[in-house]
Undergrad: 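If you scroll down you'll find the structure; I have some questions about it.
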Amino acid sequence: MSLDLDFAVNHSGRPATALTRRDVARALLAVPSGQALVSLPDLRRELLAAGNPLSVTFWESAKSILARIESGVATVGDVQRWLESSGTEPILLTRSYFVWPDESERGPVATEMYERMVEFLEQRVAAGEIDADALAAGDTDARHAYEELQDRWLGTPLPDGRVPSVVVSDEQDQELFAAWDEEEAFALSELRRVLEGLPEPPFPAADLRSAAGRLRVTLTQTGYPGNVLRACAGLDDGILPERDEDLWLAVAAGISAPISDLPDEEDAARFFDMEGELSHEDSILASLCAIHHADWLAAVTALARYGPGVLASPERIARFIADSEDIDVEPDEPEDLEATEMLFTAVTPLWAHLGIVDKAEVLTPLGWWGLPKALERAWSAD
């Protein structure tokens with residue numbers, strides 16, 4: 001593959017006379033940096049001959065970033081910022097914290113809006129509202145104006161009423177939810193497959209009745225753990241299921257798939273305080289939400305296989321997950337083990353309040369019977 005004017009034309013889909021700095025920059029980045037450096041003078045001469053010389057500042061910036069890439073000192077951020085300094089490249093992360101999806105992950109809406117943004121920026125360059133040379137030179141004011149221009153466009157309705165930032169975010173959310181649902185459905189099928197090969201634990205009626213009685217008291221109390229358990233099960237309206245089994249399973253299921261957040265309206269901005277710290281309860285809910293379906297599957301199926309009396313401490317659960325044959329993991333990554341263990345430190349105290357484990361973090365007959373049922377309930381909910 002040779003980097004010449006024909007390559008840049010084919011790469012961008014534009015004629016030589018219409019190539020923008022962004023087009024040339026993307027073509028340069030599409031080949032090895034050493035090859036791009038060697039080809040740079042010839043490409044510049046070809047564009048000059050085609051009547052599209054670009055600018056001295058652009059070519060100098062291109063030579064500088066390519067040399068830094070070749071020597072291994074340029075960061076990904078450096079390269080992205082140089083590409084953005086072309087004057088028509090959408091900023092990856094805007095001041096309003098809007099993030100464009102990676103090119104390979106853009107859906108139809110994100111692709112359309114991205115192309116619209118590029119077209120908008122090209123119009124602004126043609127109108128003289130964007131100084132690409134100043135951007136390439138690292139001018140702070142030019143960069144600030146460039147960022148504000150893009151933020152305004154992202155938040156301004158198009159003629160058809162759509163707001164670019166909103167519709168892109170909505171599409172990403174829909175894709176995320178679809179992927180989540182697919183992952184959950186697969187985990188549920190695997191859970192049922194494993195449970196089919198295991199004996200049905202006996203129903204611990206007395207233990208369930210005792211645990212449900214304690215749970216009803218806990219759920220009426222303010223503070224931890226009552227507030228967290230209510231949020232997990234979505235019981236903030238104060239109405240509790242009448243049947244002990246329904247109540248216990250709802251709360252146990254909520255631990256593996258929290259339904260709601262803490263109803264602390266006066267502290268609604270706590271997640272957006274970049275310098276503040278999460279409360280103890282918020283940290284617990286965040287940990288619960290961060291545990292993957294595969295980790296829940298591996299942990300619960302391991303406990304179901306071993307039965308009552310097995311140690312279910314966070315450290316032991318992390319090892320169960322690492323050694324699981326039900327999921328594909330690397331078993332000997334210390335960082336992964338430590339991270340999993342830290343997440344499950346939020347789980348086992350809540351399990352203890354439900355009688356799933358005892359004070360020594362050992363699985364109880366109630367936990368052996370109820371954990372698989374609770375997980376199946378969590379993943380079967382509409």
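Bear in mind the structure is a predicted one, so any value in this text is a computation, not a measurement. The figures here come from the full heavy-atom set of this structure, side chains too, leaving out hydrogens, waters and symmetry mates.
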Undergrad: Keeping the roles fixed (side chain from D358, backbone from A360), state whether a donor-acceptor pair exists under 3.5 Å.
TA: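 Here the side-chain-to-backbone pair exists.
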Undergrad: Would you call E315-R319 a salt bridge at under 4.0 Å N-O?
TA: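 Between R319 and E315 there is no salt bridge, as every charged N stays at least 4.0 Å from the carboxylate O atoms.
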Undergrad: Determine the minimum heavy-atom distance between A374 and A253, stating which atoms define it.
TA: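 Closest approach of A374 to A253: O-CB, 3.2 Å.
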Undergrad: Once rounded to the nearest 0.5 Å, what's the spacing between atom NE2 of H353 and atom CG of L215?
TA: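 Rounded to the nearest 0.5 Å, the NE2-CG separation comes to 10.0 Å.
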Undergrad: Measure across H11 and A30 and return the closest heavy-atom pair with its distance rounded to 0.1 Å.
TA: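 Looks like NE2-CB, 3.6 Å.
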Undergrad: With rounding to the nearest 0.5 Å, note down the distance linking CG in D78 to CG in L83.
TA: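 If we round to the nearest 0.5 Å, D78:CG and L83:CG are 12.5 Å apart.
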Undergrad: Please round to the nearest 0.5 Å and tell me the distance separating atom CG of L29 and atom CD1 of I65.
TA: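 So the gap between those two atoms works out to 8.0 Å.
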Undergrad: Using a strict cut-off of less than 4.0 Å between a Lys/Arg side-chain nitrogen and an Asp/Glu carboxylate oxygen, indicate whether R143 and E84 qualify as a salt bridge.
TA: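 Yes, this pair counts.
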Undergrad: Between R162 and E112, does any side-chain N to carboxylate O distance fall below 4.0 Å?
TA: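 A salt bridge links R162 with E112.
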Undergrad: Suppose we screen for ring pair (Phe, Tyr, Trp, His ring centres under 6.0 Å). Which residues come up paired with H280, at least two apart in sequence or across chains?
TA: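 H280 satisfies ring pair (Phe, Tyr, Trp, His ring centres under 6.0 Å) with Y224 only.
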Undergrad: Around atom OH of Y114, are there more than 12 heavy atoms from other residues, nucleotides or ligands closer than 6.0 Å?
TA: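 Yes, the 6.0 Å shell around OH holds more than 12 heavy atoms from other groups.
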Undergrad: Hey, are S55 and R21 close enough side-chain-wise for a donor-acceptor pair under 3.5 Å?
TA: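 The criterion, which ignores hydrogens and geometry beyond distance, is satisfied for S55 and R21.
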Undergrad: Between W100 and R106 (side chain of the first, backbone of the second, donor and acceptor by atom type, cut-off under 3.5 Å), is there such a pair?
TA: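 Side chain of W100 to backbone of R106, a donor-acceptor pair under 3.5 Å: no, none is there.
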Undergrad: Using the side chain to side chain donor-acceptor pair (under 3.5 Å) criterion, which residues pair with D23? Sequence neighbours excluded.
TA: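 Counting only residues at least two positions away or on another chain, D23 forms a side chain to side chain donor-acceptor pair (under 3.5 Å) with R14, T20.
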Undergrad: Using only heavy-atom distances, determine whether the side chains of R95 and H144 contain a donor-acceptor pair under 3.5 Å.
TA: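 Side chains of R95 and H144: pair found under 3.5 Å.
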Undergrad: Parallel, tilted or perpendicular: which fits the ring planes of W369 and W248, with parallel below 30° and perpendicular above 60°?
TA: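 Because their plane-to-plane angle lies in the 30° to 60° range, the rings of W369 and W248 count as tilted.
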Undergrad: Salt bridge or not between E103 and R26? Use side-chain N to carboxylate O under 4.0 Å.
TA: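 A salt bridge links E103 with R26.
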Undergrad: Which residues pass the ring pair (Phe, Tyr, Trp, His ring centres under 6.0 Å) test with W82, not counting sequence neighbours?
TA: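 With neighbours one apart ignored, the set is empty.
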Undergrad: Is there a donor in the side chain of D207 and an acceptor in the side chain of S210, or the other way round, less than 3.5 Å apart?
TA: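 No, S210 and D207 have no side-chain donor paired with an acceptor closer than 3.5 Å.
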